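Throughout, residue positions are numbered sequentially from 1 according to the sequence presented. Each ligand, and each atom within it, is numbered from 1 in the order the structure gives. What you see is a predicted model, and the numbers here were worked out from it, not measured in a lab.
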Amino acid sequence: MENAVKRIGVLTSGGDAPGMNAAIRSVVRSALKREVECVGIRRGWSGLINGDILPMTSASVSGIINRGGTVLYTARSDEFRTEAGLQKAANTCKLLGLEGIVAIGGDGTFRGAQDLSKYGISVVGIPGTIDNDIVCTDYTIGFDTASNTAVECVDRLRDTMQSHERCSVVEVMGRHAGYLALYVGLAVGATAVLVPEEKYDFNAHVAEKIRRARLNGKTNFMIVVAEGAASAVEVGKQIQEQLGLDPRVTILGHIQRGGSPTAKDRVMATRMGYEAVSLLAEGKSNRVICSKNNKIVDYDIDEGLAMKKTLNAEEYEVMEAMSGV
Ligand code: F6P
């Protein structure tokens, strides 16, 4: 069957995530396999506006599957939210003969994809964010690596907290979503986890859990805070003022976004990249690649983003059962 597109572009946008390079590699090689030309667009949507391109061959994506970050750079673009910016990006596509774009990123990236597809460019999104907060997919590229990195860091903190019988407050990423915090909290056996989805209540969510753990003989406590739930520094202060402990606060920050991707992130990225190119070759547009029950599927972006993703209720219940008892 003849391909619906002859030349496509690939870009990464928004916060980077380990595994994005594996996705870029897969898109380029899957396209070449189908005899579709693939052009790299640097610096996300703003790169598309400015025609910031990088010709891609099979060799140019060699040796990147194991590398964190993104070789195409990434950016957040305000101009792309305007009609003038979108028109410029569509003009770049027309000038270069790009009939399709694969956009790797989070929900902001997909909103851009939705808008661009209205200008007649076929766009397919691949979910890449450590937050795992894309509504329609069970999994986003980078989550596995970021959660393992955070777990390794917290394990190190725990060693010294145990020796000194201290309380540790550790802040993990997640401005709007607590998936990473909850997952890490479960994996490290945290005393308490604070997520943005729950209104912060110091007494119920922290103090009572520390008290219960202390009553059970524990002398060190690990409080995992998603950055959007509360300020770790403030939580530390409250622990000091109200419980008389001397906590140590650690903000993991961008450490969580770097590093060599895990096998899971590489494999998911490679499978998703392959599927994204298949959809464009079949003439589909405005689709987002998703993982559902470990199967790679796709949704209409509008439908996908309209779905409501709530925190994993079962994980939350298990965390509650494990913490502070
Ligand atoms: O979207 C991923 C994410 O890492 C969030 O968890 C975090 O709040 C944000 O990006 C940080 O963004 P920046 O790189 O702009 O500091």
Which N or O atoms of ligand 1 sit under 3.5 Å from a protein N or O, and how far apart is each pair?
from     : atom 1 : to   : atom 2 : distance (Å)
ligand 1 : 1 (O)  : D131 : OD2    : 3.1
ligand 1 : 4 (O)  : R257 : NH1    : 2.9
ligand 1 : 6 (O)  : D131 : OD1    : 2.7
ligand 1 : 6 (O)  : D131 : OD2    : 3.2
ligand 1 : 6 (O)  : G174 : N      : 3.2
ligand 1 : 8 (O)  : E227 : OE2    : 2.5
ligand 1 : 10 (O) : R257 : NH1    : 3.0
ligand 1 : 14 (O) : H254 : NE2    : 3.1
ligand 1 : 14 (O) : R257 : NH1    : 3.0
ligand 1 : 14 (O) : R257 : NH2    : 2.8
ligand 1 : 15 (O) : R76  : NH1    : 2.6
ligand 1 : 16 (O) : H254 : NE2    : 3.0

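- A salt bridge is defined here as a Lys NZ or Arg NE, NH1 or NH2 lying under 4.0 Å from an Asp or Glu carboxylate O, and K6 with E35 fails to meet this definition.
- The salt bridge (charged side-chain N to carboxylate O under 4.0 Å, His left out) analysis of residues 89-103, with sequence neighbours excluded, yields no pairs.
- In summary, K209 and E320 engage in a salt bridge, as defined by a charged side-chain N under 4.0 Å from a carboxylate O.
- Residue pairs that meet the salt bridge (charged side-chain N to carboxylate O under 4.0 Å, His left out) test with at least one member in residues 246-265, sequence neighbours left out, are D16-R257, D246-R248.
- Counting heavy atoms of neighbouring residues, nucleotides and ligands inside a 6.0 Å radius, atom NZ of K118 exceeds 12 of them.
- With sequence neighbours excluded, the residues that form a side chain to side chain donor-acceptor pair (under 3.5 Å) with E152 are R156.
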